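Keep in mind it's a predicted model, so treat the numbers as computed, not measured. The chains referred to below are lettered A, B, ... by the order of the sequence lines, with proteins before strands, and numbering in each begins at 1.
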2 protein chains.
Amino acid sequence: MSSLLEQLIDAFRVLPGVGQKSAQRMAYHVLEREREGGLRLSQALAEAVEKVGHCVRCRDFSETEVCATCASASRDAHLLCAVESPADRLAIEQATGYRGLYFVLQGRLSPLDGIGPRELGLDILGARLAEGEVQELIIATNPTVEGEATAHYLSQLARGHGVKPSRLAHGLPLGGELEYVDRGTLSHAFGSRAEIRD
Amino acid sequence: MSSLLEQLIDAFRVLPGVGQKSAQRMAYHVLEREREGGLRLSQALAEAVEKVGHCVRCRDFSETEVCATCASASRDAHLLCAVESPADRLAIEQATGYRGLYFVLQGRLSPLDGIGPRELGLDILGARLAEGEVQELIIATNPTVEGEATAHYLSQLARGHGVKPSRLAHGLPLGGELEYVDRGTLSHAFGSRAEIRD
Ligand SMILES: [Zn+2]
Ligand SMILES: [Zn+2]
């Protein structure tokens with residue numbers, strides 16, 4: 001077998017859920033009938049890796065210092081929605097009519113893995129809440145044990161700054177990943193979010 | 001969302017079995033924790049697309065005009081094994097102790113799709129058999145309707161040149177893809193191949 005081909009198969013294994021067999025299929029598929037698409041993917045990867053960083057306001061992926069959403073004058077700056085990942089942010093943006101802003105934690109509290117408030121940018125979030133513009137922090141972490149613990153921490157942080165914390169309504173499947181919830185359920189849960197009063 | 005990110009997600013969809021959700025996961029995964037691996041994949045894709053062509057002897061993928069297998073003095077040139085795809089060739093090479101040579105059809109006869117003998121390089125194969133060195137043509141097409149039709153055509157072609165055609169032994173699951181057969185079954189079927197006498 002060609003050693004460039006072996007390198008390509010090996011390189012595909014960096015992708016999530018791609019084992020040896022899938023990597024082989026991908027390499028063969030590209031070389032057999034998608035050489036142009038393969039080149040496009042090569043260029044898109046190189047450009048994205050080089051130029052896509054994080055927005056300094058919300059920590060979402062962005063090519064610019066401040067992302068388009070944070071820079072938009074048409075979003076409601078009184079509402080801030082905290083999510084674990086860019087994928088969750090995108091799911092909410094696509095499924096709901098939400099017009100506020102976001103804060104992307106890029107993870108969830110997990111002390112055993114060394115992920116504490118600092119790793120999630122909660123110092124930045126705290127400073128943001130202290131600015132006084134945000135009135136409601138919509139906490140959209142996943143309905144998992146760590147997601148709930150993170151939500152609890154965030155609600156305390158919000159209250160400490162006089163900001164109302166709220167949580168998506170029940171309806172999300174327990175233990176599931178928000179990113180994979182169907183649009184209808186997610187939209188309903190988002191619309192029925194309840195203030196956290198404990 | 002970043003437009004470079006959108007381009008990357010879109011570009012991932014060129015891969016087999018990758019829809020919008022998987023493409024998103026791949027893009028986020030690379031940007032979140034595999035930027036180095038992403039660059040490696042970018043380079044491997046560009047290099048492979050540019051430099052990997054087909055061996056003029058066996059039609060397998062190769063960086064050189066004649067692939068390493070065809071150029072090897074330690075392979076038995078009396079045996080030639082015809083397979084539909086490079087993946088099938090690799091499966092046989094990895095599962096069996098076969099030390100002969102290969103011929104990669106890059107498809108199977110499918111008149112409705114315009115795939116005839118010429119598209120499968122059967123003129124090249126015929127010339128190869130006419131050279132007189134090959135004594136047995138091991139036909140390892142898939143046990144599907146089109147694979148069987150291709151096998152029948154190949155066995156006629158072999159006989160026309162005084163070459164003994166053989167077929168892998170029964171044991172392969174009907175309708176299945178050779179590439180996904182477990183090593184043991186494939187190795188057994190390969191070892192128990194029978195001459196075609198019809
Ligand atoms: Zn932003
Ligand atoms: Zn070759």
Would you say CD of A:Glu65 has more than 12 non-hydrogen atoms from neighbouring residues, nucleotides or ligands within 6.0 angstrom? no

Largest heavy-atom contact set with chain A, pairs under 4.5 Å, which of B:His29, B:Glu34, B:Lys51: B:His29

Look at A:Val30, A:Val14, A:Thr64 and state which one has the largest set of heavy-atom pairs under 4.5 Å with chain B. A:Val14

Any side-chain donor near an acceptor of the partner, A:Arg57 and A:Thr69, under 3.5 Å: no

Select, from B:Ser85, B:Cys67, B:Pro16, B:Ala11, the one with the greatest count of heavy-atom pairs under 4.5 Å involving chain A. B:Pro16

Report yes or no: do A:Ser110 and A:Glu146 form a side-chain donor-acceptor pair below 3.5 Å? yes

Sub-4.5 Å heavy-atom contacts with chain B: which residues of residues 35-49 of chain A show up? A:Arg35, A:Gly37, A:Gly38, A:Leu39, A:Arg40, A:Leu41, A:Ser42, A:Ala44, A:Leu45, A:Ala46, A:Glu47, A:Ala48, A:Val49

Do the side-chain N and O atoms of B:Thr141 and B:Arg108 include a donor-acceptor pair separated by under 3.5 angstrom? no

Give the minimum heavy-atom separation between A:Leu109 and A:Leu120, together with the two atoms involved. N-CD1, 3.4 Å

So, do A:Leu5 and A:Tyr28 sit near enough that their side-chain heavy atoms are less than 4.5 Å apart? yes

Given B:Leu125, B:Val134, B:Asp60, the one that forms side chain to side chain contact (heavy atoms under 4.5 Å, CB included) with B:Phe103: B:Leu125

